[in-house]
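Scroll down for the structure; my scribbles are underneath it.
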Amino acid sequence: MGTSNLRADPRTDTIADDFIVEQNWDAYTPEQHGTWDILYKRQLASLPGLACDEFMQGLDALDLGTGGIPDFKKINKKLKALTGWEVVAVPCLVPDDIFFEHLANRRFPAGNFIREREQLEYIQEPDVFHDVFGHVPMLTNPVFADYIEAYGKGGMRSMGYDRLKALASLYWYTVEFGLINTPKGMRIYGAGILSSRSESAYSLQARSPNRIHFDLERLMRSDYKIDDFQATYFIVSSFDELFRATVDTDFGPLYERLNATFDFTPTAVLESDKIYTRGTQEYGRNGGRKNAAKPV
Ligand code: HBI
Ligand code: FE
């Protein structure tokens with residue numbers, strides 16, 4: 001894959017090498033803008049006191065609640081000035097090597113499409129609400145912004161070692177589903193939780209999941225769930241801890257000693273774990289999303 005910055009050619013509709021497309025903000029319908037507003041209002045009703053301050057400050061700084069799907073051009077003016085990051089529109093999940101290269105260059109790939117009204121509760125593929133509401137506000141925090149760039153660079157290095165699953169697990173248990181200890185108590189910074197009404201309270205309050213202190217290598221050896229609430233959440237003490245663990249790790253030797261498959265199941269609790277709560281795992285035992293009348 002080259003890294004030419006060609007945009008998708010509307011005539012042939014081919015996707016550019018970097019998968020970047022125009023956001024086409026003018027093409028959104030009132031119904032689509034309305035979907036953003038419903039999701040935004042719902043999350044703003046539930047996140048205060050659950051989301052970390054850095055996320056709430058980022059939401060404010062980028063003005064994502066003025067109504068309708070935000071225009072990436074307007075976001076980028078503010079975001080670039082704050083941490084040098086920019087949001088680029090992509091039409092789908094992009095190949096891992098392209099994804100890492102964008103992150104390593106302070107470009108965050110965000111879906112330019114939004115979910116259907118029937119999918120308000122849950123979507124598998126990251127849409128503009130998951131990406132822009134869930135991920136982008138955290139990129140206004142300088143230390144977290146540095147972490148994501150370092151993660152992208154570590155990811156690019158991983159391509160030669162065929163240990164992508166381990167790297168995806170690091171992203172999953174931090175960027176998507178990470179929690180942070182604060183003087184006011186445990187708070188959420190993971191985008192997958194922040195953009196999901198039902199998982200926000202669950203991740204902090206339910207008795208079912210484990211809550212274990214962040215340990216980079218332990219976490220990279222742990223399998224995870226992609227289609228339901230997490231069975232384990234990992235907690236950092238600061239974003240600096242996350243950043244340091246990533247920049248101070250020589251990923252080469254680490255990839256060499258990691259097995260090709262995960263060593264631990266999502267529900268595992270190890271002797272060596274620093275445990276905040278050992279979960280009952282009853283949510284998973286009761287059949288998870290499909291069966292649970294009320295997540296516990
Ligand atoms: N592509 N657009 C997009 N968004 C993602 O979050 C994403 C991706 N490609 C790969 C990927 N995530 C993961 O496999 C990495 O987290 C490892
Ligand atoms: Fe995501």
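Note that the structure is predicted; figures quoted are calculated from it, not measured. Indexing begins at 1, ligand by ligand and atom by atom, following the structure's order.
A salt bridge links R218 with D273; the closest basic N to acidic carboxylate O contact falls under 4.0 Å. Classification of R157 and D250 as a salt-bridged pair holds, one side-chain N sitting under 4.0 Å from a carboxylate O. Using a 4.0 Å cut-off between a side-chain N of Lys or Arg and a carboxylate O of Asp or Glu, R244 and D240 do not qualify as a salt bridge.
For atom 9 (N) of ligand 1, the closest heavy atom belonging to the protein is V94 O, 2.8 Å. Atom 10 (C) of ligand 1 has as its closest protein heavy atom D96 OD1, 3.0 Å.
Using 4.0 Å as the threshold, C92 has a heavy atom nearer than that to some atom of ligand 1. The shell of residues lying under 4.0 angstrom from ligand 1, judged by heavy atoms, excludes W172.
If you check the side chains of Y189 and N141, you find no donor sitting under 3.5 Å from an acceptor. The closest side-chain donor-acceptor pair between T277 and R207, if any, does not fall under 3.5 angstrom.
In this structure, of Y151, F99, F100, Y171, the residue bringing a heavy atom nearest to atom 5 (C) of ligand 1 is F99.
Looking only at N/O/S atoms, E176 comes nearest to the Fe ion (ligand 2) through OE2. H135 has its closest N, O or S atom to the Fe ion (ligand 2) at the position named NE2.
Nearest heavy atom pair, residue L194 against residue L47, reads O-CD1, 3.6 Å.
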(message) Please determine whether ring-ring contact (aromatic ring centres under 6.0 Å, His included) holds for the pair Y283 and Y202, giving the CA-CA distance in whole Å, both sets of side-chain angles, and the decisive distance to 0.1 Å.
(response) CA-CA 10 Å; Y283 174 75; Y202 177 85; 5.2 Å; yes
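Counting the atoms of ligand 1 from 1 in the order shown, those under 4.0 Å from a heavy atom of L93 are 1 (N), 2 (N), 3 (C), 4 (N), 5 (C), 7 (C), 8 (C).
Under 4.0 Å from ligand 1, the heavy atoms of V90 that appear belong solely to its side chain.
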